[in-house]
There are 2 protein chains.
Amino acid sequence: MEQLFSTLFEHIEEKAQLTDKEKVLIKGFFKFKKLRRRQYLLQEGDMCKYISFVSQGLMKSYTIDDKGTEHINLFAWEGWWISDFASFIFGNEAKLNIDTVENTILLLLSRENYEKMLTEIPVMERYFRILYQNSLATKDNRLISAHTHTAEEKYALFLDTYPAISQRLPQNLIASYLGLTPETISRIKRKMVKANT
Amino acid sequence: MEQLFSTLFEHIEEKAQLTDKEKVLIKGFFKFKKLRRRQYLLQEGDMCKYISFVSQGLMKSYTIDDKGTEHINLFAWEGWWISDFASFIFGNEAKLNIDTVENTILLLLSRENYEKMLTEIPVMERYFRILYQNSLATKDNRLISAHTHTAEEKYALFLDTYPAISQRLPQNLIASYLGLTPETISRIKRKMVKANT
DNA sequence: CCCAGATCAAAAAATAGGATTGATCTAAAT
DNA sequence: ATTTAGATCAATCCTATTTTTTGATCTGGG
């Protein structure tokens, strides 16, 4: 119970200092949620009522095209937030699906508690400002990479950027994230292995 | 789309007559939900905002004890309703978990629409009265059986009472429903086969 | 016209879910 | 005290589902 917040506090304290009093307050704003592997947190068309902090586990958010293919938008593991932001902020229907890749424990923050927390604990303004700023910056990277790199480069870059998480992901999900087919990844791998021997 | 309501209308019309006008009205009160195999509909601690009619598929509701063992409360297949009734009616936190055994299509009825439907379509009062009355009666059966029958009798009775659904359930779930271990069921089966040869 | 990568179909490999078996253990009923 | 029904634990087996790989063929942009 206690320990589930430690990931969150560590994460916050990378960006802003917290007093013990603040920590106690913060805890009060969150709800727990445990999800088994491959469970939905959010489906397209639902309202996204929470932003969720991953305390343990691994999730993905994605869209599904007309052909039924998943396009992964984001992976979130320990220390990441995940939600359909447009739906959470503006209250419209979610365009994203979110589900778990591994069994996951989440800390949920409702819109109401989010606002409350920001007014009652001003240092959290700073935390979220930095958080958003960072994710905006990486989102740009992602778009640039999509255009300028070959399949092999994208894959190598992914392994390089997220070595730990690559281990935890089946490679068809990596493919979906990179906008490639699983077959392509498989062939790239074979080529890479050969090149190394 | 149309056809998803046919199970519901058939089920209602076993208990009360409906005009075409009423059918159109009724449709308006429901939302669809599609769930893959092994997905949650409801978790302990959530609010149960809907009662759900199973249009296709198979679900279970259950509690989890301190040791992490599931105790199945109810199976619901085509033509059954499922929910955490206490949570739906009184608005407290759900004590039950509900998830799918097979891919399932549900018709969801919110508390608000439930009330509306009952006032706007009085014949539905009769439908639900009979429905509740019947489930109360079977619940008694269940309790009696738990005390008075041996494992073998319980299992045989289950197969006999729900021959069709037994086919669709893995036997560890039947075990959990009957308050037995999977091993015990396995041994009973072996015994029964022997006895028949 | 070439080539990176997609698409389609099938097969192979890896995992996960379920069922079975044997070996104890326990509590209630004789 | 002893029997017995059924639980518990651990290991193994079987089967279904997921994931990866492979080969063959197609496609659109440079």
Side-chain angles (χ1 to χ4, degrees), chain A residues 35-40 57-58 60 62 65-72 75 99-104 145-159 165-195, chain B residues 35-40 58 60 62 65-72 75 99-103 145-159 165-195:
Chain A
L35 289 173
R36 285 192 308 237
R37 181 180 135 78
R38 291 175 126 264
Q39 297 289 318
Y40 284 116
L58 178 51
K60 67 189 206 290
Y62 58 96
D65 65 22
D66 347 303
K67 284 181 198 155
T69 321
E70 283 188 20
H71 298 274
I72 295 178
F75 294 113
D99 68 16
T100 56
V101 178
E102 300 174 354
N103 293 345
T104 296
S145 158
H147 290 303
T148 57
H149 292 85
T150 65
E152 188 165 348
E153 286 166 340
K154 287 184 211 170
Y155 181 60
L157 187 61
F158 185 88
L159 293 188
I165 220 63
S166 306
Q167 301 289 343
R168 292 162 65 180
L169 289 168
Q171 70 191 39
N172 60 340
L173 296 187
I174 299 181
S176 164
Y177 179 83
L178 296 175
L180 304 171
T181 59
E183 293 93 329
T184 298
I185 296 276
S186 172
R187 286 174 181 122
I188 287 172
K189 270 176 69 180
R190 182 173 46 176
K191 228 169 86 184
M192 288 171 124
V193 170
K194 262 191 199 165
Chain B
L35 289 173
R36 286 193 309 236
R37 182 180 137 80
R38 295 180 118 263
Q39 293 290 316
Y40 284 117
L58 177 51
K60 65 190 209 292
Y62 57 96
D65 65 24
D66 348 303
K67 283 180 197 155
T69 321
E70 284 188 18
H71 298 274
I72 295 178
F75 295 113
D99 68 15
T100 57
V101 178
E102 302 173 355
N103 292 344
S145 158
H147 290 302
T148 57
H149 293 85
T150 65
E152 189 166 349
E153 287 166 339
K154 286 184 214 171
Y155 181 60
L157 186 62
F158 185 89
L159 293 188
I165 220 62
S166 306
Q167 300 290 342
R168 293 163 64 182
L169 290 169
Q171 71 192 38
N172 62 338
L173 296 187
I174 299 181
S176 164
Y177 179 82
L178 297 175
L180 304 170
T181 59
E183 292 94 330
T184 298
I185 296 276
S186 173
R187 286 174 181 124
I188 287 173
K189 270 176 67 182
R190 181 171 49 177
K191 229 169 88 184
M192 288 172 123
V193 170
K194 261 191 198 163

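Note that the coordinates shown come from a computational prediction; the quantities given were computed from them, not determined experimentally. Residue numbers start from 1 in every chain, and the chains themselves are labelled A, B, ... in the order their sequence lines are given, proteins ahead of strands.
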OP1, OP2 of [N] versus side-chain N and O of [X]: anything below 4.0 Å?
X	N	value
B:K189	C:dA19	no
B:R36	D:dT18	no
B:N172	C:dA19	yes
A:T181	C:dG5	no
A:S186	D:dT20	no

Would you kindly compare B:P170 and A:E152 by the position of their nearest DNA chain C nucleotide and give the one closer to the 5′ end? A:E152

Could you state the [atom1]-[atom2] distance from [X] to [N], rounded to the nearest angstrom?
X	N	atom1	atom2	answer
B:R187	D:dT4	CZ	C1'	14 Å
B:K191	D:dG6	NZ	P	8 Å
B:L180	C:dA19	CG	P	14 Å
A:K60	D:dT19	NZ	P	9 Å
A:I188	C:dC3	CD1	P	17 Å
A:K67	C:dC8	NZ	C1'	12 Å
B:L173	C:dG18	CG	P	7 Å
A:D65	C:dT7	CG	C1'	14 Å

Shortest side-chain distance from B:R190, nucleotide among C:dG22, C:dA6, D:dG23: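 The answer is C:dG22, which lies nearest to the side chain.
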
What's B:Q171 touching, base or sugar-phosphate or nothing? Going by heavy atoms closer than 4.0 Å.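 Here B:Q171 touches the backbone only, sparing every base.
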
Once you apply a heavy-atom cut-off of 4.0 Å, does A:I185 come out as touching a base, just sugar-phosphate, or nothing? nothing

Spacing of OG1 belonging to B:T181 relative to CZ belonging to B:R187, to within rounding of 0.5 Å: 7.5 Å

B:Y62 side, atom OH; B:H71 side, atom NE2 - distance, nearest 0.5 Å: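 Between B:Y62 OH and B:H71 NE2, I get 12.0 Å after rounding to 0.5 Å.
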
B:T150 or B:E183: which one's nearest nucleotide on DNA chain D is closer to the 5' end?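 The answer here is B:T150.
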
Close side-chain approach of B:S166 and B:L169, heavy atoms under 4.5 Å: no

Ring-face cation contact, B:F75 with B:R168, 6.0 Å cut, 45° max: no

Test salt bridge (charged side-chain N to carboxylate O under 4.0 Å, His left out) applied to B:D99 and B:K60, step by step: CA-CA 6 Å; B:D99 68 15; B:K60 65 190 209 292; 2.7 Å; yes

